[in-house]
Amino acid sequence: DSGVTQTPKHLITATGQRVTLRCSPRSGDLSVYWYQQSLDQGLQFLIHYYNGEERAKGNILERFSAQQFPDLHSELNLSSLELGDSALYFCASSNMVGLGEKLFFGSGTQLSVL
Amino acid sequence: GENVEQHPSTLSVQEGDSAVIKCTYSDSASNYFPWYKQELGKGPQLIIDIRSNVGEKKDQRIAVTLNKTAKHFSLHITETQPEDSAVYFCAFKPEGSSNTGKLIFGQGTTLQVKP
């Protein structure tokens, strides 16, 4: 168990809908990362938050947004969902920023858009 | 661009044999190279990492080697066991990432260890 909690584990929704994925980092970790894993794209970096502040953005769609709250949990919001958004979404946390930062991943949220 | 090529995509070995997975990265200024193992239904888990100031690092049956000149790094698993069966990902931390720990991942290698 990595100590990173993601909810829900599975999410089934329809095209055009909006969903929210939640992540609780390990106790004491200030950084939260979101990754998308699909069969054809592998593990793609979406966004990084450190202590509530956005630090880096990857190829995150404009329909997607994220935030990190004062209690350090994070939410990833996906809107106007398309079939191609179906994927496994991972959250990872770490307790430092810089060289050699070790990321601890949660078990993921499997999103199915029908 | 920021990318890393990982080979092979699948690897099948007999229990007790060695397994080698290789990666080539794009960013010559990168200096941190971790390897993650992902078991079915779980998130990736860090198994070993190496920084650019060393050429090799070992942890029991697992070793990683780094050739910065060629921009290659490899994962070596010796005396493989059935529980080593999983998907393995290489990754690197791109240049200009001093204020973020974002990693760029390879496409993954599915390792099957046959009893």
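Only a predicted model underlies this, so the values are computations on that prediction, with no experimental measurement involved. Basis for what follows: all heavy atoms, side chains included, without hydrogens, waters or symmetry-related copies.
In terms of modelled atom types and a separation under 3.5 Å, the side chain of B/Tyr36 and the main chain of A/Leu103 share a donor-acceptor contact.
Counting heavy atoms of neighbouring residues, nucleotides and ligands inside a 6.0 Å radius, atom CD1 of A/Ile12 does not exceed 12 of them. Counting non-hydrogen atoms of neighbouring residues, nucleotides and ligands closer than 6.0 angstrom, the CG atom of A/Leu83 exceeds 12 such neighbours. Few gaps surround NZ on B/Lys57; more than 12 heavy atoms of other groups in view lie less than 6.0 Å from it. In B/Gln60, the CD atom is not crowded: 12 or fewer heavy atoms of neighbouring residues, nucleotides or ligands sit closer than 6.0 Å. Around CD of A/Glu75, the count of heavy atoms belonging to other residues, nucleotides or ligands within 6.0 Å exceeds 12. Heavy-atom neighbours of B/Glu15 CD from other residues, nucleotides or ligands within 6.0 Å: above the threshold of 12. Around the CG atom of B/Asp17, the shell of radius 6.0 Å holds more than 12 heavy atoms that belong to other residues, nucleotides or ligands.
A/Asp1 contributes atom CG, which lies 9.5 Å from atom NZ of B/Lys42 (distance to the nearest 0.5 angstrom). Note that the OG atom of A/Ser94 and the CG atom of B/Leu46 stand 11.5 Å from one another [nearest 0.5 Å]. Note that CZ of A/Phe45 is 9.0 Å distant from CG of B/Leu103, once rounded to the nearest 0.5 Å.
The two residues B/Lys102 and A/Tyr33 make their nearest non-hydrogen contact at N-CE2, 3.5 Å.
The contact between A/Gln37 and chain B is made entirely by side chain atoms (from C-beta outward), counting heavy-atom distances below 4.5 Å. Heavy atoms of B/Ile50 lying under 4.5 Å from chain A are absent altogether. Using a 4.5 Å cut-off between heavy atoms, B/Phe33 does not touch chain A at all. Contact of B/Gln107 with chain A is made through the side chain alone, with heavy-atom distances under 4.5 Å. A/Tyr35 touches chain B through its side chain: at least one heavy atom from C-beta onward sits under 4.5 Å away, while N, CA, C and O do not.
The candidate with the highest count of non-hydrogen atom pairs below 4.5 Å against chain A, out of B/Ala91, B/Gly106, B/Gly43, B/Pro44, is B/Pro44.
One hydrophobic cluster, built from ILVMFWY side chains closer than 4.5 Å, cannot hold both A/Leu30 and A/Leu76; they sit in different ones.
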